[in-house]
There are 2 protein chains.
Amino acid sequence: MNNDYELYKLKAELCKTFADPKRLMIINQLRHGEKTVGNLTQVLQVPQAVVSRHLAVLRSRGIVTTRRDGVNVYYSLANPRIVDACDIVHEILLEQVARNRDIAEKLLL
Amino acid sequence: MNNDYELYKLKAELCKTFADPKRLMIINQLRHGEKTVGNLTQVLQVPQAVVSRHLAVLRSRGIVTTRRDGVNVYYSLANPRIVDACDIVHEILLEQVARNRDIAEKLLL
DNA sequence: TAATTATATACGCATATATGTATATAAGCA
DNA sequence: TGCTTATATACATATATGCGTATATAATTA
């Protein structure tokens, strides 16, 4: 029973990794293939140090892997399942929005 | 482009909800049907106030719904998809463990 | 109404997380 | 070697999060 708690802690750690909008944007960028830090910095529109730090978090939790080619470091998703997880979060959010819209309509009509 | 960021913030908020071991335990308890705060307090083995606060977080993010029956408040999952999300997190964790085991074996042999 | 049970919230505190800025490391090239 | 580009990290700081404790609210019953 108590040993279970360690498992839930690991799962929570994993979820923490997804609990930041910029990291979710990075994951979304990597969805269709590897990207360099420079690529991601350009897309996210934040200082390069910010991107590097988020990538460090993703690396430390095993969400992404890296490959160096000369000066550039290419990041990619370590596991295709990660995309599925993001998709489900998206779906849950959509259903919440739909539900809220229903409530709003009932209140307004 | 910038409007996208708001969407990622919402998704991150949703992930934050899952980013705590006790909340994950609560969700797992609710997987097979509604439970009272008392039930959950007994399972989690923490002060009742702790459970109530976590339930408040889950409520505020639309993860659970409540139903009062007399003195008791029954909590249940608002969306069956939430279980799917937790299952995928579980799978990702398992694959990570498996990968680490492979690495460990290569190092030891 | 008073007492009891079940649940929710307020307050103070300790820890975690994200960021800006500056700097360090690493590879490639003149 | 010195310079430039690409990436990573250190430090200080602001904000967020979880918890223990105490207390508030709500429903039930005597």
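In what follows, chains carry the letters A, B, and so on, assigned in the order in which the sequence lines appear, proteins first and then strands, with residues in each chain numbered from 1. Values in this document were obtained by computation on a predicted structure and should not be read as measured data.
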Could you check how far [atom1] of [X] sits from [atom2] of [N], rounded to whole Å?
X       : N      : atom1 : atom2 : value
A/Leu55 : D/dT9  : CG    : C1'   : 13 Å
B/Asp69 : D/dA27 : CG    : P     : 12 Å
B/Glu13 : C/dA18 : CD    : C1'   : 14 Å
A/Leu58 : C/dA18 : CG    : C1'   : 14 Å
A/Lys9  : D/dG18 : NZ    : P     : 14 Å
B/Leu24 : D/dG18 : CG    : C1'   : 14 Å
B/His54 : C/dT9  : NE2   : C1'   : 14 Å
A/Met25 : C/dA18 : CE    : P     : 16 Å

- prompt: So, are B/Asp20 and B/Arg53 salt-bridged, with charged N and O less than 4.0 Å apart?
  reply: no

Which is true for [X] with a 4.0 Å heavy-atom rule: it touches a base, it touches only sugar-phosphate, or it touches nothing?
X       : result
A/Arg68 : sugar-phosphate
B/Val37 : sugar-phosphate
A/Tyr75 : sugar-phosphate

message: Ignoring hydrogens and geometry beyond distance, is the side chain of B/Gln48 in donor-acceptor contact with the base of C/dA8 at under 3.5 Å?
response: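 For B/Gln48, whose side chain was compared with the base of C/dA8, there is a donor-acceptor pair (under 3.5 Å).
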
message: Between the base of C/dG20 and the side chain of A/Arg53, is one N or O donor paired with an acceptor at under 3.5 angstrom?
response: yes

Using the side-chain heavy atoms of [X], tell me which of these nucleotides is nearest: [options].
X       : options                : value
B/Asn72 : D/dA8, C/dA18, C/dA6   : C/dA6
B/Lys16 : C/dG28, D/dT9, D/dT17  : D/dT17
A/Lys22 : C/dT19, D/dA8, C/dT7   : C/dT19
B/Ser52 : D/dT7, C/dA8, C/dT17   : C/dA8
B/Asp20 : C/dA8, D/dG18, C/dA18  : D/dG18
A/Arg61 : C/dG20, C/dT17, C/dA18 : C/dT17

- prompt: Checking B/Asn39 side chain against B/Thr36 main chain: does a donor-acceptor pair fall under 3.5 Å?
  reply: yes

message: Is it the case that the side chain of A/Arg81 and the backbone of B/Ile88 share a donor-acceptor pair, with hydrogens and angles ignored and the cut-off at 3.5 Å?
response: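 Here the side-chain-to-backbone pair does not exist.
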
- prompt: Has A/Gln42 got more than 12 heavy atoms of other residues, nucleotides or ligands less than 6.0 Å from its CD?
  reply: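 Open.
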
message: Can you confirm whether A/Tyr74 sits close enough to A/Val37 that some side-chain heavy atom of one is under 4.5 Å from a side-chain heavy atom of the other?
response: no

- request: Give a yes/no answer on whether the side chain of A/Arg67 brings an N or O atom under 4.0 Å of OP1 or OP2 in D/dT7.
  value: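 For A/Arg67, the contact criterion (side-chain N or O under 4.0 Å from OP1 or OP2 of D/dT7) is not met.
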
